[in-house]
Amino acid sequence: MKKNMGGTDKVVRILLAVVAGLLVYFEVVQGTFSYILLVLAAIFVLTSLVSFCPLYGIFGLNTCGLKK
């Protein structure tokens with residue numbers, strides 16, 4: 001897999017995942033929506049760790065800096 005995520009993008013995704021986890025932990029969101037939010041948070045963390053987003057690949061986006 002070719003990296004297509006930059007550092008800022010990875011940090012934003014990790015922060016969003018933490019916020020989603022906290023919302024579920026403190027029971028701000030409940031029920032089915034909490035499970036959906038946790039799955040989304042897990043996807044954000046996973047894509048941040050591998051620096052690859054499949055949707056970016058499909059749409060041809062790349063937030064990774066240019067390599068010289």
Side-chain angles (χ1 to χ4, degrees):
M1 286 184 291
K2 184 178 178 184
K3 292 183 180 183
N4 64 2
M5 289 177 53
T8 305
D9 195 8
K10 291 192 288 187
V11 170
V12 169
R13 286 174 182 247
I14 293 290
L15 289 175
L16 287 174
V18 168
V19 169
L22 290 173
L23 288 174
V24 172
Y25 179 76
F26 289 112
E27 297 179 354
V28 175
V29 292
Q30 297 177 347
T32 305
F33 186 64
S34 67
Y35 294 114
I36 294 170
L37 201 57
L38 286 176
V39 168
L40 187 62
I43 292 170
F44 278 178
V45 169
L46 180 65
T47 56
S48 293
L49 291 176
V50 297
S51 299
F52 179 76
C53 178
L55 287 178
Y56 282 9
I58 291 171
F59 292 114
L61 299 172
N62 187 350
T63 60
C64 192
L66 296 175
K67 295 181 181 178
K68 295 181 180 180

Starting from [Y], can I reach [X] by hopping between I/L/V/M/F/W/Y residues whose side chains sit under 4.5 Å apart?
X	Y	result
Val50	Val45	no
Leu55	Val39	no
Leu40	Ile14	no
Leu37	Val19	yes
Leu16	Val28	no

Is the NZ or CZ atom of Arg13 both under 6.0 Å from the centre of the six-membered ring of Tyr56 and within 45° of that ring's axis?
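Flagged: Arg13 positioned over aromatic ring of Tyr56.
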How long is the gap from [atom1] on [X] to [atom2] on [Y], to the nearest 0.5 Å?
X	Y	atom1	atom2	answer
Asn4	Cys53	CG	SG	6.0 Å
Lys3	Asn62	NZ	CG	12.0 Å
Tyr25	Leu38	OH	CG	13.5 Å

Provide the closest heavy-atom pair for Ala41 versus Ala17 in the form atom of the first, atom of the second, distance.
O-CB, 3.6 Å
Thr47 versus Phe44, closest heavy-atom pair with distance:
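Heavy atoms of Thr47 and Phe44 come nearest at OG1-O, 3.1 Å.
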Is there a side-chain contact between Ser48 and Met5 in this structure, where contact means two heavy atoms from C-beta onward sitting under 4.5 Å apart?
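Yes, their side chains come closer than 4.5 Å.
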Applying side-chain hydrogen bond (donor to acceptor under 3.5 Å, both in side chains), name anything that partners Thr63, two or more places apart in sequence or on another chain.
Asp9
